[in-house]
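Have a look at the structure below before the remarks.
We count residues from 1, following the sequence as given. Keep in mind that the numbers below use all heavy atoms, side chains included, and drop hydrogens, waters and symmetry copies.
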Amino acid sequence: MTSFWLHPSALLLVGALVLPFVPKALRKAFLVAVPALSFLDVLSMQGNNGVYGVLQFMDWTMTFGRVDNLSMVFAYIMTLMCVIGTIYGLHVEDPAQHAAAWIYVAGALGVIFCGDYLTLFLFWELMAFSSVFLVWFRGRKESLASGFRYLLVHTAGGLLLLAGLILRYKATGGDLSFGPIGVDNPQPYTWLILAGFLLNAAVPPLHAWLPDAYGEATVTGSVFMCAFTTKTAVYALARGFAGMEILVPLGVCMALYGVVYAVLENDSRRLLAYHIISQVGYMVAGVGIGTELAINGTSAHAFAHILYKGLLFMGCGSVLHMTGTSKFTELGGLYKRMPRTFLFTMIGGLSISAFPLFSGFVSKAMIVAAGFEVHNYWAAFLLTLASAGTFLHTGLKVPYFIWFGKNNCSQETWERAGDPPMNMQVAMAIAAFLCILIGSYTPYLYNMLPYQQAAHAYHPYTVYHLSETMQILLFTALGFFLLLKKLAPEPKISLDLDWFYRKGGRAFFWLAQNPVQAVDSWWGERYRAWGLSGLMAGARLSALFDWSAVKGAVDGLASGVSSLGGRTAREHKGRLDESLATMVLASVSVFGLGWFCWMLWR
């Protein structure tokens with residue numbers, strides 16, 4: 001190692017290994033201490049940019065600690081969210097769930113700090129194989145199936161990434177450094193690596209795993225998953241693909257696509273999952289624009305998104321935890337039963353909708369402003385349109401059909417409803433406070449952004465921006481209440497692009513179980529009737545030849561030789577004895593004569 005440097009992932013990994021052996025009386029304190037130490041570890045790195053943890057492994061140089069402005073802003077918010085998420089899950093008694101969450105976060109932090117593709121790939125796969133347990137731990141049949149699909153999709157993405165980095169290693173003569181990949185002259189390995197990153201970013205059509213898995217994850221697991229996988233992919237894109245123009249239309253498509261499906265969704269957590277696609281679309285578009293202001297906006301929006309999306313998942317997860325359901329058609333009027341949860345969720349909704357004085361207002365607009373700055377008007381206007389859809393479903397639909405509106409709760413649901421355990425409320429309160437802090441005191445966030453000069457030059461609270469935002473929000477609210485009956489949720493499933501691979505999977509199984517199996521069975525019967533029978537006949541003929549011809553000839557030859565040897569021995573027995581006696585006598589005489597001559601010569 002080049003110098004001592006404590007990786008925050010190391011603290012989480014060691015903590016995950018030790019956690020099952022911690023006495024139950026000390027477990028909650030230990031649960032808070034480990035992520036808090038990781039957060040403090042990241043804080044200690046501020047102002048100490050450089051390369052740390054360089055390890056020579058065989059012919060490769062692995063860099064575990066590249067500390068700069070871009071990695072620090074992502075590491076800061078990820079370790080902070082790990083603290084909040086762990087506090088939110090303190091009521092969970094199963095240590096395996098906490099361990100899986102910490103290993104998952106450790107994988108994300110490993111990607112954030114890595115300086116080469118080999119290290120990136122190791123932590124990338126660690127993320128995939130640890131996060132799937134956050135889905136499986138829910139224990140439902142649907143969760144098991146969703147987890148397997150999640151794992152298969154991410155394994156495919158990992159293989160794309162591996163193929164890309166191997167081709168790059170070959171093409172560059174052994175260069176594995178993780179940095180700008182050269183978007184002006186993309187090579188085949190460029191597209192493979194990009195595809196691996198885009199899959200984790202949930203870019204359509206590689207997105208269906210996200211609502212499928214996040215909607216089926218545990219209450220605590222979904223809070224972690226919404227914060228790390230897609231934002232780690234955004235970081236990887238910002239690090240390697242800044243300025244790649246194809247990302248702008250892909251990001252705009254994501255922003256609009258996620259809004260449409262979120263409006264159609266009946267399950268609150270699946271709605272929030274679809275809207276992750278929309279919000280990550282802003283970040284992908286920002287990476288595609290690639291200017292300093294755009295990368296600042298991408299980093300700021302990722303920072304804000306982790307907090308307010310985590311807060312929204314905590315609020316809707318609290319509803320699921322207390323009532324046993326997360327479907328709009330089975331809820332309503334819960335502000336009376338869960339007032340504090342309602343307040344925290346509303347703060348998350350206002351933040352994601354970019355209300356003034358809330359976090360989304362000072363982060364999302366930075367990306368839109370970057371689009372206008374480079375005269376990419378169509379992208380900037382469409383991203384502005386997508387923000388209206390955000391307020392429509394997350395700022396209005398979620399609070400109205402859960403907390404207000406018609407009470408569709410069953411008697412059992414209504415009686416179970418109530419504010420969740422105190423640890424869950426504390427976690428939501430911390431996230432809500434930070435959402436307001438970011439929106440009200442911009443230096444808290446802007447001072448962490450990668451390009452400080454561009455950050456200090458941007459001012460979100462202008463008259464134009466305030467008036468534009470308020471007009472969009474007010475007209476969206478008016479449209480919502482005018483079209484309330486049309487927007488009412490229905491207990492239906494909206495078909496997505498995963499329909500194709502689901503149906504494709506069924507078609508593959510049908511093909512394997514019917515035509516292919518039929519041909520295999522037919523060929524097996526033909527082989528048994530013709531091939532195997534002929535083989536056995538040949539074997540019997542060979543055995544007959546062996547026993548009759550070969551064995552008879554060998555046995556006959558052996559008997560002849562034995563008989564001849566016996567007759568020879570009987571005929572020459574006397575002569576043989578005489579010959580032996582003569583030979584012995586002659587040998588003694590020669591030896592004696594030689595000895596006598598040698599004595600005379602001396």
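No option in His305, Gln279, His301 other than His301 meets the side-chain hydrogen bond (donor to acceptor under 3.5 Å, both in side chains) test with Ser363. When each of Phe303, Phe113, Tyr235, Phe228 is tested with Phe74 by the rule ring pair (Phe, Tyr, Trp, His ring centres under 6.0 Å), just one qualifies, namely Tyr235.
Contact of the Asn296 side chain with the Pro450 side chain is registered, since non-hydrogen atoms from C-beta on lie closer than 4.5 Å. Proximity of Leu13 to Trp102: side-chain heavy atoms (C-beta onward) are nowhere separated by under 4.5 Å. Here the side chains of Tyr169 and Ile166 are not in contact, with every heavy-atom distance at 4.5 Å or above. Contact check for Phe123 versus Thr232: no side-chain heavy atoms found under the 4.5 Å cut-off. With contacts defined as side-chain heavy-atom distances shorter than 4.5 Å, the pair Val319/Ser268 does not qualify. Contact of the Tyr261 side chain with the Ile277 side chain is not registered, since no non-hydrogen atoms from C-beta on lie closer than 4.5 Å. Between Leu198 and Leu237, the closest side-chain pair of non-hydrogen atoms falls below 4.5 Å. Contact of the His275 side chain with the Leu312 side chain is not registered, since no non-hydrogen atoms from C-beta on lie closer than 4.5 Å.
With hydrogens and angles ignored, the 3.5 Å screen pairs no side-chain donor or acceptor of Lys28 with any backbone N or O of Ile87. Distance alone, capped at 3.5 Å, is enough to place a donor-acceptor pair between the Asp116 side chain and the Thr63 backbone. Looking at Tyr104, its side chain does come within 3.5 Å of a backbone N or O of Thr229 through a donor-acceptor pair. Remark: the backbone N or O of Ile181 is not paired with any side-chain donor or acceptor of Arg168 at under 3.5 angstrom. Under the 3.5 Å distance criterion, the side-chain polar atoms of Gln187 are matched with a main-chain donor or acceptor of Asn185. With hydrogens and angles disregarded, no donor-acceptor distance shorter than 3.5 Å links the side chain of Ser278 to the backbone of Tyr274. At distances below 3.5 Å, not a single donor-acceptor pair connects side-chain atoms of Lys309 with backbone N or O atoms of Ala227. Using modelled atom types, no side-chain atom of Lys364 and backbone atom of Tyr282 make a donor-acceptor pair closer than 3.5 Å. In this structure a side-chain-to-backbone donor-acceptor pair under 3.5 Å is present from Arg66 to Cys114. With hydrogens and angles ignored, the 3.5 Å screen pairs no side-chain donor or acceptor of Ser359 with any backbone N or O of Ser351.
Using cut-offs of 30° and 60° on the angle between ring planes, the pair Phe64 and His7 is perpendicular. Taking the six-membered ring where tryptophan is involved, the planes of Phe133 and Phe137 are tilted, since the angle between them lies from 30° to 60°.
The two residues Arg269 and Glu216 come nearest to each other via the heavy atoms NH2-C, 4.1 Å. Between Asp267 and Ser326, the shortest heavy-atom distance links the atoms OD2-OG, 2.8 Å. Listed here is the closest heavy atom pair of Lys231 and Cys226: NZ-O, 2.9 Å. Nearest heavy-atom pair, Leu192 versus Gly164, reported as atom, atom and distance to 0.1 Å: CB-CA, 3.7 Å. Closest heavy-atom contact between Leu445 and Ala300: CD2-CB, 3.8 Å. Considering every non-hydrogen atom in both Tyr308 and Gly348, the closest pair reads CB-O, 4.1 Å.
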**Q.** side chain to side chain donor-acceptor pair (under 3.5 Å) assessment of Ser71 paired with Asp68
**A.** CA-CA 6 Å; Ser71 62; Asp68 58 17; 3.0 Å; yes

Q. Does the pair Tyr88 and Ser318 meet the rule for a side chain to side chain donor-acceptor pair (under 3.5 Å), with working shown?
A. CA-CA 10 Å; Tyr88 183 78; Ser318 297; 3.2 Å; yes

Q: Report the C-alpha separation of Val219 and His91 in whole Å, then their side-chain angles, then the decisive distance to 0.1 Å, and conclude whether the side chain to side chain contact (heavy atoms under 4.5 Å, CB included) test is met.
A: CA-CA 11 Å; Val219 169; His91 62 281; 5.8 Å; no

Q | side chain to side chain contact (heavy atoms under 4.5 Å, CB included) between Asn69 and Asn49, worked out | A | CA-CA 8 Å; Asn69 292 342; Asn49 291 359; 3.4 Å; yes

Q: Determine, step by step, whether Glu490 and Asn266 satisfy the side chain to side chain contact (heavy atoms under 4.5 Å, CB included) criterion, reporting the C-alpha distance in whole Å, the side-chain angles of both residues, the deciding distance to 0.1 Å, and the verdict.
A: CA-CA 6 Å; Glu490 299 179 2; Asn266 181 43; over 6 Å; no

Q: Evaluate the criterion side chain to side chain contact (heavy atoms under 4.5 Å, CB included) for residue pair Leu247 and Leu194; output intermediate values, then yes/no.
A: CA-CA 10 Å; Leu247 296 178; Leu194 179 62; 4.1 Å; yes

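Distance check, rounded to the nearest 0.5 Å: OG of Ser131 to OH of Tyr214 gives 7.5 Å. Atom CG of Asn200 and atom CG of Leu210 lie 10.0 Å apart (nearest 0.5 Å). Distance check: Leu165 CG to Tyr189 OH gives 12.0 Å after rounding to the nearest 0.5 Å. Remark: Leu167 CG to Trp191 CH2 distance equals 15.0 Å, nearest 0.5 Å. Considering OG of Ser9 and CG of Leu109, their distance stands at 4.5 Å, rounded to 0.5 Å. Separation of atoms CZ (Arg149) and OG (Ser146) is listed at 4.5 Å; rounding is to 0.5 Å.
Annotation for Glu142: atom CD counts as buried by contact number, over 12 foreign heavy atoms lying within 6.0 Å.
No side-chain donor from either of Asp41 and Ser38 sits under 3.5 Å from a side-chain acceptor of the other. Residues Thr86 and His98 bring no donor and acceptor atom of their side chains to less than 3.5 Å of each other.
Ring centroid separation for the pair Trp124 and Phe121 does not come in under the 6.0 Å cut-off. Between Tyr76 and Phe39, the distance from one ring center to the other falls under 6.0 angstrom.
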